[in-house]
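Let me begin by presenting the structure, written as structure tokens, before commenting on it.
Here is the naming used below: chain letters follow the sequence lines, and residue numbers restart at 1 for every chain.
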Amino acid sequence: MATIRTRFAPSPTGRMHVGNLRTALYAYLIAKHENGSFVLRIEDTDKERYVEGAVDIIYRTLQGTGLIHDEGPDKDGGYGPYVQSERFAKGIYLEYAKQLVEKGAAYYCFCSKERLGTLKSTIGSEDGDEDNEVKEITKYDKHCLHLSKEEIEEKLANKVPFVIRQNIPVQGTTTFKDVIFGEISVKNEELDDMILIKSDGYPTYNFANVVDDHLMKITHVVRGNEYLSSTPKYTRLYQDFGWEEPVYIHCPLITNEEHKKLSKRSGHSSYEDLLEQGFVSEAIVNFVALLGWSPQSNKEIMSLEELIEEFDYNNINKAPAVFDMVKLRWMNGEYIKNMEFDKYYSLALPYIKEVIKKDLDLRKIATLVKTRIETFCDIKDMIDFFEELPDYDIAIYTHKKMKTTAESSLGVLQELLPRFEALDDYSEDNIENVIMTYIKEKEIKNGQGLWPIRTAVSGKQSTPGGAYEIMSIIGKEESLSRIKKAIEKLS
RNA sequence: GGCUCCAUGGUCAAGUGGUUAAGACACCGCCCUUUCACGGCGGUAUCAGGGGUUAGAAUCCCCUUGGAGUCACCA
């Protein structure tokens with residue numbers, strides 16, 4: 001069996017959306033599972049949509065997720081160039097398009113936009129109150145197919161703008177096979193004579209894709225389900241060229257909560273957005289891998305290596321999957337909890353420093369919060385009280401389960417204040433000692449003694465860490481000040 | 001609207017003719033506990049509907065319904 005070669009072929013149009021990332025991931029996993037090659041190809045045939053810097057984003061994303069390509073613009077594997085605009089410059093696409101013209105499988109078309117406009121027919125529900133989405137549909141009428149050789153020559157000589165269209169037979173059906181969806185047949189009459197070469201000379205995505213996949217010896221084409229309906233046209237192209245078709249793997253769509261395809265516009269996250277939202281790269285990859293596929297073993301938390309080991313594209317689901325942020329959050333929390341401390345600390349530090357300006361033990365704060373956050377962005381609201389005592393309502397001193405009230409709390413704080421004043425070394429142990437001694441003397445429940453203190457020094461109903469940790473972190477001066485303030489409030 | 005695809009809990013999903021229909025997230029309860037988390041234990045909840053095929057259907061076929069994708073000189 002030949003070595004598997006898959007490719008990831010993004011367009012440099014902005015950030016990497018999760019659907020795109022998932023496609024890249026699967027392409028990578030399929031190749032790596034079989035020790036094959038993963039190729040990166042930049043599809044920049046649309047100069048209108050080209051975004052400056054987008055290529056860098058692609059590199060950074062691949063780097064960040066660990067989807068390392070074996071070949072690409074920066075790693076020549078003998079099938080370059082790997083950037084379509086460079087391939088275009090070499091005249092590759094036009095050359096192949098002309099081949100098809102020779103064979104009668106494609107033809108020059110000189111129709112104006114205006115004429116094309118007259119071919120449009122409008123569909124859509126005018127009476128539908130809800131979704132009266134009106135669409136225009138064009139099916140080209142093969143008008144230029146019947147131009148004589150002389151007419152074509154003349155127009156070309158006169159520099160009449162032209163495109164090259166695929167000539168799809170009027171009769172018969174076209175069938176292709178997809179690994180996930182099986183055999184799919186479409187009547188040829190349903191297929192439009194799609195444009196292969198645009199009037200600016202550039203190839204369309206569909207054409208460039210076929211030519212490049214063939215030239216780069218791609219064995220498995222991994223792409224989103226949205227391409228399923230254009231695949232028959234690819235099949236025709238392969239057949240017209242006399243090339244062997246690759247194995248198609250159309251991944252199920254990733255949708256939003258409304259079960260609609262994720263798109264930039266739906267305000268949904270790209271990989272970069274997710275990083276900004278405090279997610280860990282590994283968690284994103286892990287989560288996305290499980291959208292549409294699940295391993296034989298019931299494992300959910302899987303490293304990229306484990307994914308490579310277990311991935312089997314025959315087990316990919318057909319149905320679209322909803323991108324569930326809640327579960328991503330959970331998974332991210334798992335990654336954070338299991339993360340080695342130093343790595344965690346370096347990632348968490350910027351978020352901590354955003355709120356903590358005072359000279360506090362940031363490592364300690366980071367530790368307290370490690371098992372409590374799901375994303376790094378959760379840190380902020382959790383630790384703000386270390387920096388400054390929030391304004392709080394004394395109602396929070398009342399806790400039924402702790403058996404505390406504002407009155408009982410006042411008593412505890414007043415009695416404890418002198419002992420805290422007497423204490424110099426605010427280590428956790430010392431503080432614990434002071435408090436527990438007091439609790440034993442008074443023969444009260446732990447909660448009765450601890451709740452008022454934690455509340456007083458934090459001003460919050462819930463906090464990461466307890467009384468000892470908090471006091472030890474904010475130190476003597478601040479602790480006393482907060483307790484005094486509490487006594488004042490409660491009096 | 002045409003074409004194509006899809007259909008197991010709220011979500012991700014196992015399942016491939018015989019199961020008490022896994023597991024995870026979420027939700028609820030209990031335990032642990034100085035709060036909140038973490039952790040542990042338990043619970044609610046799924047085969048869209050209708051016909052077949054079969055001794056037996058979540059699994060095979062058909063229809064209905066519902067949903068999605070696509071129909072560009074965008075990818």
Counting Watson-Crick and G-U wobble pairs only, both distances under 3.5 Å, name the nucleotide matched with B:U59, or none.
none
Hits for ring pair (Phe, Tyr, Trp, His ring centres under 6.0 Å) against A:Y107, two or more places apart or cross-chain, chain-then-number order -> none
Taking atom C1' in both B:G49 and B:U8, compute the distance separating them and give it to the nearest angstrom.
15 Å
Rounded to the Å, how far apart are A:N446 CG and B:U34 C1'?
7 Å
If we count only N and O atoms by modelled type, under 3.5 Å, do the side chains of A:H250 and A:D178 hold a donor and an acceptor together?
yes
Check this for me: A:E309, atom CD, are more than 12 non-hydrogen atoms of other residues, nucleotides or ligands nearer than 6.0 Å?
no
Please tell me which of A:N317 and A:G447 maps to the more 5' nucleotide of RNA chain B, matching each residue to the nucleotide holding its nearest heavy atom.
A:N317
Test log, rule side chain to side chain donor-acceptor pair (under 3.5 Å), inputs A:S408 and A:K403
CA-CA 9 Å; A:S408 72; A:K403 297 193 165 136; over 6 Å; no
Got a list of protein N/O to nucleotides 43-49 of chain B N/O distances below 3.5 Å?
none

Taken to the nearest whole Å, CD/A:E257 to P/B:C12 is 11 Å
The side chain to side chain contact (heavy atoms under 4.5 Å, CB included) partners of A:V457 (sequence neighbours excluded) come to A:I470, A:M471, A:I474, A:I483
Would a 4.5 Å heavy-atom cut-off, applied to side chains only, mark A:F341 and A:K370 as touching?
yes
A:F279 CZ to B:C25 C1': how many Å, rounded?
13 Å
Given the P atoms of B:A45 and B:G9, what is the spacing between them in whole Å?
14 Å
Validation row, ring centre A:F323 to ring centre A:F287 under 6.0 Å:
yes
Distance check needed: B:A37 C1' versus A:N338 CG, whole Å only.
15 Å
The criterion is side chain to side chain contact (heavy atoms under 4.5 Å, CB included); which residues satisfy it with A:H143, sequence neighbours excluded?
A:C111, A:R115, A:Y140, A:D141
Identify, with sequence neighbours excluded, every residue that meets side chain to side chain contact (heavy atoms under 4.5 Å, CB included) alongside A:I152.
A:Y108, A:F110, A:L147, A:L156
Taking the nucleotide of RNA chain B with the nearest heavy atom to each, does A:L291 or A:L328 sit closer to the 5' end?
A:L291
Is the CG atom of A:D391 crowded by more than 12 outside heavy atoms at less than 6.0 Å?
no
What is the distance, to the nearest angstrom, from the CH2 atom on A:W293 to the C1' atom on B:A14?
13 Å
Side chains of A:T175 and A:E183 only: does a donor on one sit below 3.5 Å from an acceptor on the other?
no
A:K47: partners by side chain to side chain contact (heavy atoms under 4.5 Å, CB included), with sequence neighbours left out
A:D200, A:Y202
Under a 4.0 Å heavy-atom cutoff, the residues of residues 366-380 of chain A touching RNA chain B are A:T371, A:R372
For atom P, what is the distance between B:U16 and B:A58, given to the nearest Å?
13 Å
Do we see a donor-acceptor contact under 3.5 Å between the side chains of A:K318 and A:N225?
no
For B:G50 versus B:A57, give the span between their C1' atoms, rounded off to a whole number of Å.
15 Å
Looking at B:A14, I'd like to know if its phosphate oxygens (OP1 or OP2) sit under 4.0 Å from a side-chain N or O belonging to A:N315.
no
B:G1: pairing nucleotide in any strand, Watson-Crick or G-U under 3.5 angstrom
B:C71
Out of B:A24, B:G39, B:U34, minimum distance to the side chain of A:W330 belongs to B:A24
Answer with yes or no whether the side chains of A:N188 and A:Q171 bring together a donor and an acceptor at under 3.5 Å.
no
Which part of the nucleic acid, if any, lies within contact of A:Y468, taking any heavy atom under 4.0 Å across all strands shown: a base, the sugar-phosphate backbone alone, or nothing?
base
Please state the C1' separation for the pair B:G2 and B:G10 - nearest whole angstrom.
34 Å
Given the C1' atoms of B:C25 and B:C63, what is the spacing between them in whole Å?
36 Å
For B:U44 versus B:C38, give the span between their P atoms, rounded off to a whole number of Å.
22 Å
A:A321 side chain, from C-beta outward: closest of B:C6, B:G2, B:C12:
B:C12
Rounded distance (Å) that lies between atom P of B:A7 and atom CD1 of A:I180:
12 Å
Give the residues of residues 449-467 of chain A touching RNA chain B, defined as any heavy atom closer than 4.0 Å, sorted by residue number.
A:L450, A:W451, A:R454, A:Q461, A:S462, A:T463, A:G465, A:G466, A:A467
Any protein N or O atoms within reach of nucleotides 19-22 of chain B? Criterion: under 3.5 Å, listing atom names and distances.
residue : atom : partner : partner atom : Å
B:A22   : N3   : A:N298  : ND2          : 3.4

How would you summarise protein contacts on nucleotides 68-75 of chain B per nucleotide, using B for base, S for sugar-phosphate only and - for none, with heavy-atom distances below 4.0 Å?
SSSBSBSB
Partner residues of A:Y351 under the ring pair (Phe, Tyr, Trp, His ring centres under 6.0 Å) criterion, sequence neighbours left out
A:F376
Do the non-hydrogen side-chain atoms of A:L145 and A:D193 ever get within less than 4.5 Å of each other?
no
Paired with B:A7 by Watson-Crick or G-U wobble geometry, both distances under 3.5 Å: which nucleotide is it?
B:U65
Look at the aromatic rings of A:Y26 and A:F311 and report parallel, tilted or perpendicular, splitting at 30° and 60°.
tilted
Inspect the contact between A:D213 and A:R41 and indicate whether a charged nitrogen and a carboxylate oxygen are less than 4.0 angstrom apart.
yes
Side chains of A:R223 and A:T231: do they bring a donor and an acceptor to under 3.5 Å?
yes
Atom NZ of A:K445 to atom C1' of B:U35: distance rounded to whole Å?
14 Å
Does atom CD of A:E441 have more than 12 heavy-atom neighbours, drawn from other residues, nucleotides or ligands, at distances under 6.0 Å?
yes
Contact list for RNA chain B against residues 392-403 of chain A - heavy-atom distance below 4.0 Å:
A:K401, A:M402
Expressed in whole Å, how much space separates the P atoms belonging to B:U59 and B:G18?
11 Å
Measure from the ring center of A:Y468 to the ring center of A:Y426 and say whether it is less than 6.0 Å.
no
CZ of A:F323 versus C1' of B:C25: gap in Å, rounded?
13 Å
Between A:K327 and B:C12, is there a side-chain N or O to OP1/OP2 distance below 4.0 Å?
no
Could you identify the nucleotide paired to B:U16, looking across every strand shown and requiring Watson-Crick or G-U wobble geometry with both distances under 3.5 Å?
none
Could you let me know what B:C32 is paired to, Watson-Crick or G-U wobble, both distances under 3.5 Å, or none if it's on its own?
none
